[in-house]
A.B. asks: 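Here's a structure for you.
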Amino acid sequence: DQKTHYPQDTHDARRFDADKIIYITRHPIDVLPSCTSLMMTLSHAVEPKRPWNEYRIWPNFVNLMLPLFGQFHRDLVA
């Protein structure tokens with residue numbers, strides 16, 4: 001199976017029709033390190049040498065991303 005970020009479309013996203021979904025939400029604190037790795041390395045496989053919260057960029061990144069996560073959730077359930 002291929003990992004997706006649906007409903008965010010990607011260049012190779014396949015469209016399909018469905019009348020039901022399973023919606024799983026992760027706590028943002030669990031998502032942030034994974035999101036940081038993807039955005040900083042453009043890979044799901046590369047991990048930092050130290051935990052992300054030990055880097056100076058961490059507080060600014062969290063402050064940037066949390067409102068975006070909140071808006072994404074509000075848009076999704078609206």
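Any value given below was found using the heavy atoms of this structure, including those in side chains, with hydrogens, waters and symmetry copies removed.
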A.B. asks: Under a 4.5 Å cut-off applied to non-hydrogen side-chain atoms, are L32 and L66 in contact?
C.D. replies: yes
A.B. asks: Looking only at heavy atoms, what is the nearest atom pair of W58 and P33, with distance?
C.D. replies: CH2-N, 3.9 Å
A.B. asks: Measure the shortest side-chain to side-chain distance between L68 and M65 over non-hydrogen atoms and say whether it is less than 4.5 angstrom.
C.D. replies: yes
A.B. asks: Hey, what do you get for SG (C35) to CG (D30), rounding to the nearest 0.5 Å?
C.D. replies: 13.0 Å
A.B. asks: What's the spacing between F69 CZ and L64 CG if we round to 0.5 Å?
C.D. replies: 9.5 Å
A.B. asks: Could you check whether atom CZ of R56 has more than 12 heavy atoms from other residues, nucleotides or ligands sitting under 6.0 Å from it?
C.D. replies: no
A.B. asks: Are F72 and V77 linked, directly or through intermediate hydrophobic residues, by side-chain heavy-atom contacts shorter than 4.5 Å (ILVMFWY only)?
C.D. replies: no
A.B. asks: Could you state whether Y55 and V46 fall into the same hydrophobic cluster, counting links through intermediate Ile, Leu, Val, Met, Phe, Trp or Tyr residues with side-chain heavy atoms under 4.5 angstrom apart?
C.D. replies: no
A.B. asks: Taking salt bridge (charged side-chain N to carboxylate O under 4.0 Å, His left out) as the definition, give me every residue that meets it alongside R74, ordered by chain and number, with sequence neighbours left out.
C.D. replies: none
A.B. asks: Out of curiosity, W52 CH2 to M40 CE, how far, rounded to the nearest 0.5 Å?
C.D. replies: 6.0 Å
